[in-house]
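Okay, structure first, notes after.
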Amino acid sequence: MRIYNTMTGKKEEFVPVTPGQVRMYVCGITVYDHCHIGHARSAIVFDVMRRYLKYKGFNVTYVKNFTDIDDKIINRAKQEGITWDVVAEKYIEAYYRDMDSLGVAGADIEPRATGHIREIIDFVKGLIDKGYAYEMQGDVYFEVEKFADYGKLSKRDLDDMLAGARVDVNEKKRNPMDFALWKASKEGEPAWESPWGPGRPGWHIECSAMSRKHLGDTFDIHGGGADLIFPHHENEIAQSEAYTGRPFVNYWVHNGFITVDREKMSKSLGNFFTIKEILNKFDAEVIRFFLLSTHYRSPIEFSDEQLRESEVSIDRFYTTSARLSDFLKQDHSREKACPDEKLLIDLLAKFRDKFAEAMDDDFNTALAIGHIFELIRVVNKYLDGKPSGRKAVELATKTGDFLKEAGGALNVFRRTPEEWSRALMSIKCPELTEEFIMTRIGDRQAAREKKDWAASDAIRKELEERGIVLEDKKEGTGWKVKISG
RNA sequence: GGCGGCGUACCCAAGUGGCUAAGGGGGAGGUCUGCAAAACCUUUAUGCAGCGGUUCAAAUCCGCUCGCCGCCUCCA
């Protein structure tokens, strides 16, 4: 399989350090606020990578950290009149709630910065000993000029950056680009004892210390949002490679941004939507599907229309899924081939390869989803031919299995059509009950038997206005939550 | 200013040298249906921002132009 590496700017054949084993580290969140959909994208994208690598048979160790101490957390604690650790705890809990609903599994190891103060201090000490860092009034800074490769990930050199000069003037630094490894704490701020006095870790050092502890000096994949390339990941490389003298990471993987009105969604612009608020209007699977329907490195424009389109697509999937299971429940004592069965047979023969090929090419979930919908169309056409018998059951079963398998790798399409329907109902028409709908369908059926089309259509219209569409089929009348418009 | 990315139909979106340019939504026509809905079929890009170039062959490589965006400051 091939993975795009930010370091080289190319897709590269993926070769893990240890055959059969993948070690990956993804930068998690700073826990000072609710997650927005940008965090959801990163979480889902790397969740899919991890799932797919496992699906391919790799033994994956996935580490994702929580930054649970920094200025933003301290500020939030002041605002809310609680301590920093309560803030962290509160938003870690909120994070888990959001991730749970989005189908994002927990990482194998979820280290917190404050749980690794000793490792961090050792790391900083080592950098000072090796001459890459210096202490200044209780702060410790990494000296970027000492690290020859500084800028290799983000493709910039120190002189250019200094010329741009939107950097802090800080008298304590030898070079304005030097960054803090350790920060002396002010009076009343959270502090840990260190050789340089009471203080707390800088932002970047935790990832170097924790990834090394849990994954070793050199590991396979390091990921995060594209906005972490500089300075965060650049600084991690400097720290880690200066400390160990070894290559830090083999594949750097970064997801693209979510935009609103073509502008990056971000905290500072204030144009963000939290996962929590989107979940009031859409099912979590809609968010997940939406984020996977575009390649992970491309920007995605976020809007209600886009989510609605995703909702329609998912509904199409579950409609076919229901159709398949209904079909399998039918009487198949009579053997009848469908004239279009060759199309389905051919596609089934290729489907798993096509799906894997898409995912193998830098996790092309958009293409993979396209293949799923191609299969949906072909099997619908097949079922339209009203086949029956052993062969038909076999083909339908196989189709269902493949759809389940592909959906499983992406962690979408894993519910029953009934569960999907109930989920939609609780969002779109929570005041209705299935009992009520069934009663009205019964009333309408009575009218239909009397060929009282006016009465029958009135009931159908009434239900549609309340968000339910009816479908008359041979076996009886079915209903669905209306989603378009 | 430095560095990077993007521009594919009415909309979203795959495709990065060679089979008829995936898939979804929308539109139009049709099959099915009491009428619908769903599903299916046909149709909707001789063309991939524009202009040049390389090549037997380009949406795909190179150059220029136009437009949009990102990073260079906390940020997924």
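Nothing here was measured: the structure is a model prediction, and the numbers come from that model. Every chain is numbered from 1, with letters handed out A, B, ... down the list of sequences.
- Between the CD1 atom of I275(A) and the P atom of A76(B) there is a distance of 11 Å, rounded to whole Å.
- Counting any heavy atom pair closer than 4.0 Å across all strands shown, K451(A) reaches no nucleic acid atom.
- With sequence neighbours excluded, no residue satisfies side-chain hydrogen bond (donor to acceptor under 3.5 Å, both in side chains) with R97(A).
- RNA chain B lies under 4.0 Å from at least one heavy atom of each of the following residues of residues 251-266 of chain A: N255(A), G256(A), F257(A), I258(A), R262(A), E263(A), K264(A), M265(A), S266(A).
- Projected onto RNA chain B by closest heavy-atom contact, K480(A) and G28(A) fall at different nucleotides, the more 5' of which corresponds to K480(A).
- F272(A) pairs by the ring-ring contact (aromatic ring centres under 6.0 Å, His included) definition with H36(A), not counting sequence neighbours.
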Next item on the list: Assign a letter to each nucleotide of nucleotides 32-37 of chain B from its 5' end: B, base within under 4.0 Å of a protein heavy atom; S, sugar-phosphate only; -, no contact.
Entry: --BBBB
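- With a 3.5 Å ceiling on both atom-pair distances, the Watson-Crick or G-U wobble partner of C3(B) is G70(B).
- For C64(B), the paired nucleotide is G50(B), the pair qualifying as Watson-Crick or G-U wobble because both relevant distances are below 3.5 Å.
- Residues that satisfy the side-chain hydrogen bond (donor to acceptor under 3.5 Å, both in side chains) test with K281(A), not counting sequence neighbours, are D304(A).
- Of the listed nucleotides (A14(B), A76(B), C40(B)), C40(B) has the atom at the smallest distance from the side chain of N380(A).
- Between the side chains of S154(A) and R156(A), at least one donor N or O sits under 3.5 Å from an acceptor N or O.
- Pair assignment for C40(B): G30(B), on the basis of Watson-Crick or G-U wobble contacts that are both within less than 3.5 Å.
- The distance between the ring centers of F248(A) and F219(A) falls below 6.0 angstrom.
- Using C1' as the reference atom, A58(B) and G63(B) are 15 Å apart when rounded to the nearest Å.
- Using a 4.0 Å cut-off on heavy atoms, the residues of residues 365-375 of chain A that approach RNA chain B are A366(A), L367(A), G370(A), F373(A), listed by number.
- Base pairing annotation: C10(B) forms a Watson-Crick or G-U wobble pair with G25(B), both donor-acceptor distances under 3.5 Å.
- Out of G2(B), C74(B), A76(B), the shortest distance to the side chain of S268(A) is found at C74(B).
- OP1 and OP2 of G5(B) both lie 4.0 Å or more from every side-chain N or O belonging to R297(A).
- Rounded to whole Å, the C1' atom of U44(B) lies 38 Å from the corresponding atom of A76(B).
- Taking atom CZ on R308(A) and atom P on C11(B), their separation rounds to 18 Å, with Å as the unit.
- Crowding of K267(A) atom NZ: a count of heavy atoms from other residues, nucleotides or ligands under 6.0 Å exceeding 12.
- Partners of R422(A) by side-chain hydrogen bond (donor to acceptor under 3.5 Å, both in side chains), not counting sequence neighbours, listed by chain and number: E434(A).
- When rounded to the nearest whole Å, the span between NE2 of H233(A) and P of C72(B) equals 13 Å.
- Annotation: C48(B) and G15(B) have their C1' atoms spaced 10 Å apart (nearest Å).
- Between the P atoms of G50(B) and A9(B), the separation comes to 10 Å (whole Å).
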Show which side-chain atoms of residues 287-296 of chain A pair as donor or acceptor with protein atoms under 3.5 Å away, not counting sequence neighbours.
| residue | atom | partner | partner atom | Å |
| --- | --- | --- | --- | --- |
| R288(A) | NE | L410(A) | O | 3.0 |
| R288(A) | NE | N411(A) | O | 3.1 |
| R288(A) | NH1 | D47(A) | OD2 | 3.2 |
| R288(A) | NH1 | L102(A) | O | 3.0 |
| R288(A) | NH1 | G103(A) | O | 3.0 |
| R288(A) | NH2 | D47(A) | OD2 | 2.8 |
| R288(A) | NH2 | L410(A) | O | 2.9 |
| S293(A) | OG | F290(A) | O | 2.7 |
| H295(A) | NE2 | D362(A) | OD2 | 3.3 |
| Y296(A) | OH | D362(A) | OD1 | 2.7 |
| Y296(A) | OH | D362(A) | OD2 | 3.4 |

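- Among the atoms of the strands shown, only primed sugar atoms or phosphate atoms (P, OP1, OP2) are found under 4.0 Å from some heavy atom of G225(A).
- D452(A) pairs by the salt bridge (Lys or Arg N to Asp or Glu O under 4.0 Å) definition with nothing, not counting sequence neighbours.
- Nucleotides C62(B) and G18(B) place their P atoms 15 Å apart, quoted to the nearest Å.
- When every heavy atom of V253(A) is checked against every heavy atom of I3(A), the shortest pair comes out as CG2-CG2, 3.8 Å.
- For G23(B) and U8(B), the C1' atoms lie 14 Å apart once the distance is rounded to whole Å.
- Under the side-chain contact (heavy atoms from CB on, under 4.5 Å) criterion, S268(A) pairs with S266(A), sequence neighbours left out.
- When distances run from any side-chain atom of R316(A) to the nucleotides C71(B), A76(B), A39(B), the shortest one goes to A39(B).
- Using Watson-Crick or G-U wobble geometry with both donor-acceptor distances under 3.5 Å, C56(B) finds its partner in G18(B).
- Distance NE2 (H295(A)) to C1' (U16(B)): 12 Å, rounded to an integer number of Å.
- Taking atom CD1 of residue I483(A) and atom C1' of nucleotide G25(B), one finds them 11 Å apart after rounding to whole Å.
- Proximity of T6(A) to the phosphate of G4(B): no side-chain N or O atom is located under 4.0 Å from OP1 or OP2.
- Residue K354(A) is the one, among K354(A) and L228(A), whose nearest nucleotide of RNA chain B lies closer to the 5' end (criterion: closest heavy atom).
- Scored by the ring-ring contact (aromatic ring centres under 6.0 Å, His included) test, W84(A) finds W192(A) as partners (sequence neighbours excluded).
- With sequence neighbours excluded, no residue forms a side-chain hydrogen bond (donor to acceptor under 3.5 Å, both in side chains) with Y32(A).
- Protein atom CG of D362(A) is 12 Å distant from nucleotide atom P of A14(B), rounded to whole Å.
- Taking atom P on both nucleotides, A13(B) is separated from G17(B) by 22 Å, rounded to a whole Å.
- Following rounding to the nearest Å, D304(A) (CG) and C11(B) (P) show an atom-to-atom distance of 20 Å.
- Comparing C6(B) with U60(B), their P atoms sit 13 Å apart, to the nearest whole Å.
- Residue T294(A) places its side chain closer to A14(B) than to any other of C72(B), C40(B), A14(B).
- A straight line from CZ of F302(A) to C1' of A76(B) spans 15 Å, rounded to a whole angstrom.
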Next item on the list: Using the side chain to side chain donor-acceptor pair (under 3.5 Å) rule, take S208(A) and E236(A) through it: C-alpha gap first, then chi angles, then the decisive distance, then the call.
Entry: CA-CA 6 Å; S208(A) 285; E236(A) 281 185 48; 4.9 Å; no
